[in-house]
K.L.:
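First the structure, then my questions, so here it is.
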Amino acid sequence: RGSVENVTVKGGYRGIGNNSDHRTIGEVRLNNVVADGENSALYIGYGDGRGSVVAKNSRFGGQTVYNWITQAQFENCTFTWNESGSRGNLTAYANTVLIGCRFEGKADGTKYTLQFPSSVDSCTMILEDCYVGDTLITKDNIKSLLKVIARNNIIEVRNTAN
């Protein structure tokens, strides 16, 4: 648990993350962070199911993966492909809220992916006032803008301007 603020983390296998020796048991707060890992920009892979992630005003390249936490919230964050262009996805193992976030696909038109793994059921991901590029994500256009893999979970779009 703790805070990471005003830093840039480039390269490495996991830009910001933990391993089996370091468990997330409290709130992890990220503010004004730029992370681009070769595999994962943000990786919370271990915990006891009581922690949470709150990220604000941050940019994540590559994979964003979090597991064994109760919830994640991202405000005014940008999600991109990593610099090598090999990874561009957010994989949620917990309830997730994204507010005012942006997603970027690859220059060749490949879409950014929002997904829940097959081992996760009954979670919700809420996208509120989020964009792909300059296009507002709506319930009608989400699948044309993003690759969406919900499985047995819910991905809900909310727009406060409407």
Side-chain angles (χ1 to χ4, degrees), residues 2-10 14-17 24 27-45 51-117 120 123-151 153-162:
S3 296
V4 178
E5 296 187 60
N6 305 315
V7 299
T8 297
V9 180
K10 291 267 191 192
R14 295 181 177 136
I16 296 175
T24 302
E27 186 174 82
V28 175
R29 299 184 73 69
L30 306 169
N31 186 31
N32 195 28
V33 170
V34 176
D36 186 17
E38 181 53 36
N39 185 36
S40 297
L42 172 63
Y43 177 83
I44 306 295
S52 64
V53 172
V54 176
K56 296 181 179 183
N57 308 310
S58 296
R59 183 177 185 89
F60 302 104
Q63 295 188 99
T64 298
V65 181
Y66 40 91
N67 192 1
W68 294 102
I69 61 173
T70 57
Q71 64 185 5
Q73 181 169 320
F74 299 90
E75 294 180 37
N76 301 316
C77 292
T78 301
F79 298 88
T80 67
W81 286 74
N82 61 351
E83 287 183 357
S84 68
S86 62
R87 301 191 185 270
N89 62 277
L90 185 150
T91 302
Y93 286 78
N95 292 318
T96 303
V97 177
L98 298 116
I99 302 168
C101 293
R102 293 191 180 272
F103 302 91
E104 297 176 4
K106 285 176 60 174
D108 68 3
T110 305
K111 299 174 187 175
Y112 191 90
T113 300
L114 296 180
Q115 65 186 351
F116 287 98
V120 174
C123 281
T124 301
M125 182 183 296
I126 298 170
L127 284 77
E128 182 177 304
D129 298 327
C130 293
Y131 290 80
V132 173
D134 293 327
T135 303
L136 179 67
I137 299 170
T138 67
K139 61 184 172 189
D140 295 327
N141 71 8
I142 186 170
K143 290 183 179 177
S144 67
L145 298 172
L146 296 164
K147 183 176 180 182
V148 177
I149 305 171
R151 294 190 168 93
N153 304 280
I154 296 169
I155 297 179
E156 180 181 330
V157 176
R158 297 179 184 168
N159 295 308
T160 59
N162 296 340

K.L.:
I need the full list of salt bridge (charged side-chain N to carboxylate O under 4.0 Å, His left out) pairs touching residues 60-69, with sequence neighbours left out, sorted by first then second residue.
P.N.:
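Residue pairs with at least one partner in residues 60-69: there are none.
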K.L.:
Filter on salt bridge (charged side-chain N to carboxylate O under 4.0 Å, His left out), then keep only pairs touching residues 88-100, sequence neighbours left out; what's left?
P.N.:
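Qualifying pairs, neighbours excluded: none.
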K.L.:
Kindly write out the residues that satisfy salt bridge (charged side-chain N to carboxylate O under 4.0 Å, His left out) with K139, not counting sequence neighbours, or none if the list is empty.
P.N.:
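Salt bridge (charged side-chain N to carboxylate O under 4.0 Å, His left out) check on K139 returns nothing, list empty.
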K.L.:
So, using side chain to side chain contact (heavy atoms under 4.5 Å, CB included) as the criterion, who are the partners of S144 when residues are at least two apart?
P.N.:
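For S144 the side chain to side chain contact (heavy atoms under 4.5 Å, CB included) partners, ignoring immediate neighbours, are N141.
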K.L.:
Donor-acceptor pair, T96 side chain versus M125 backbone, under 3.5 Å?
P.N.:
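Flag not set: sc T96 to bb M125 has no pair under 3.5 Å.
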K.L.:
What pairs with E156 under salt bridge (charged side-chain N to carboxylate O under 4.0 Å, His left out), at least two apart in sequence or on another chain?
P.N.:
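E156: salt bridge (charged side-chain N to carboxylate O under 4.0 Å, His left out) contacts with R158.
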K.L.:
Mind telling me whether F74 and Y66 have parallel, tilted or perpendicular rings, with 30° and 60° as the class edges?
P.N.:
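Taking F74 first and then Y66, their aromatic rings sit tilted (interplane angle of 30° to 60°).
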K.L.:
Which pairs with one or both residues in residues 63-77 pass salt bridge (charged side-chain N to carboxylate O under 4.0 Å, His left out), sequence neighbours excluded?
P.N.:
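Counting only pairs at least two positions apart or across chains, no salt bridge (charged side-chain N to carboxylate O under 4.0 Å, His left out) contact touches residues 63-77.
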K.L.:
Between F116 and T124, what is the shortest heavy-atom contact and its length?
P.N.:
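Nearest heavy atoms, F116 then T124: CZ-C, 4.0 Å.
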K.L.:
List the atom pairs, donor and acceptor, that lie under 3.5 Å between side-chain atoms in residues 99-108 and the rest of the protein, sequence neighbours left out.
P.N.:
residue	atom	partner	partner atom	Å
R102	NH1	G133	O	2.4
E104	OE1	R59	NH2	3.3
K106	NZ	G85	O	3.2
D108	OD1	T110	N	2.9
D108	OD1	T110	OG1	2.7
D108	OD2	T110	OG1	3.4

K.L.:
Taking only residues two or more places apart in sequence, or in another chain, which ones meet N89 in a side chain to side chain contact (heavy atoms under 4.5 Å, CB included)?
P.N.:
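Testing N89 for side chain to side chain contact (heavy atoms under 4.5 Å, CB included), a comparison that skips the adjacent residues, returns Q63, T91, T113, Q115.
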K.L.:
Who are the side-chain hydrogen bond (donor to acceptor under 3.5 Å, both in side chains) partners of N6, not counting sequence neighbours?
P.N.:
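Testing N6 for side-chain hydrogen bond (donor to acceptor under 3.5 Å, both in side chains), a comparison that skips the adjacent residues, returns N32.
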K.L.:
My understanding is that only residues two or more places apart in sequence, or in another chain, count here; which of them pass side-chain hydrogen bond (donor to acceptor under 3.5 Å, both in side chains) with N82?
P.N.:
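Scan of N82 (side-chain hydrogen bond (donor to acceptor under 3.5 Å, both in side chains), adjacent residues dropped) gives S84, S86.
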K.L.:
Which pair of non-hydrogen atoms, one from S52 and one from T70, has the smallest distance, and what is that distance?
P.N.:
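Smallest interatomic distance, heavy atoms only, reads CB-OG1, 4.4 Å.
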K.L.:
For side chain to side chain contact (heavy atoms under 4.5 Å, CB included), just list the numbers for F79 and L114, CA-CA rounded to whole Å, side-chain angles, deciding distance to a tenth of an Å, and then say yes or no.
P.N.:
CA-CA 10 Å; F79 298 88; L114 296 180; over 6 Å; no
K.L.:
Can you give me the closest heavy-atom contact between A55 and C77, atom names plus distance?
P.N.:
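Between these two residues, the closest heavy atoms are O-SG, 3.6 Å.
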K.L.:
Take atom NZ of K111 as the centre, draw a 6.0 Å sphere, and report whether it contains more than 12 heavy atoms from other residues, nucleotides or ligands.
P.N.:
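Above 12, so yes.
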K.L.:
Name all residues meeting the side chain to side chain contact (heavy atoms under 4.5 Å, CB included) criterion together with N57; count only those two or more places apart in sequence or in a different chain, and write none if there are none.
P.N.:
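Side chain to side chain contact (heavy atoms under 4.5 Å, CB included) list for N57, sorted by chain: N31, N76.
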K.L.:
Looking only at heavy atoms, what is the nearest atom pair of I137 and L146, with distance?
P.N.:
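For I137 and L146, the tightest heavy-atom pair comes out as CD1-CD1, 3.8 Å.
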K.L.:
Considering non-hydrogen atoms only, spot the tightest contact between C130 and L98 and give its length.
P.N.:
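Here C130 and L98 meet closest at SG-O, 3.4 Å.
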K.L.:
Would you please test I69 and Y93 for side chain to side chain contact (heavy atoms under 4.5 Å, CB included) and show each step?
P.N.:
CA-CA 8 Å; I69 61 173; Y93 286 78; over 6 Å; no
K.L.:
Backbone N or O of T160 within a donor-acceptor pair of the D129 side chain at under 3.5 Å?
P.N.:
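Looks like yes, one N/O pair under 3.5 Å.
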K.L.:
For R29, enumerate each residue passing the salt bridge (charged side-chain N to carboxylate O under 4.0 Å, His left out) test, keeping only those at least two apart in sequence or located in another chain.
P.N.:
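R29 satisfies salt bridge (charged side-chain N to carboxylate O under 4.0 Å, His left out) with E27 only.
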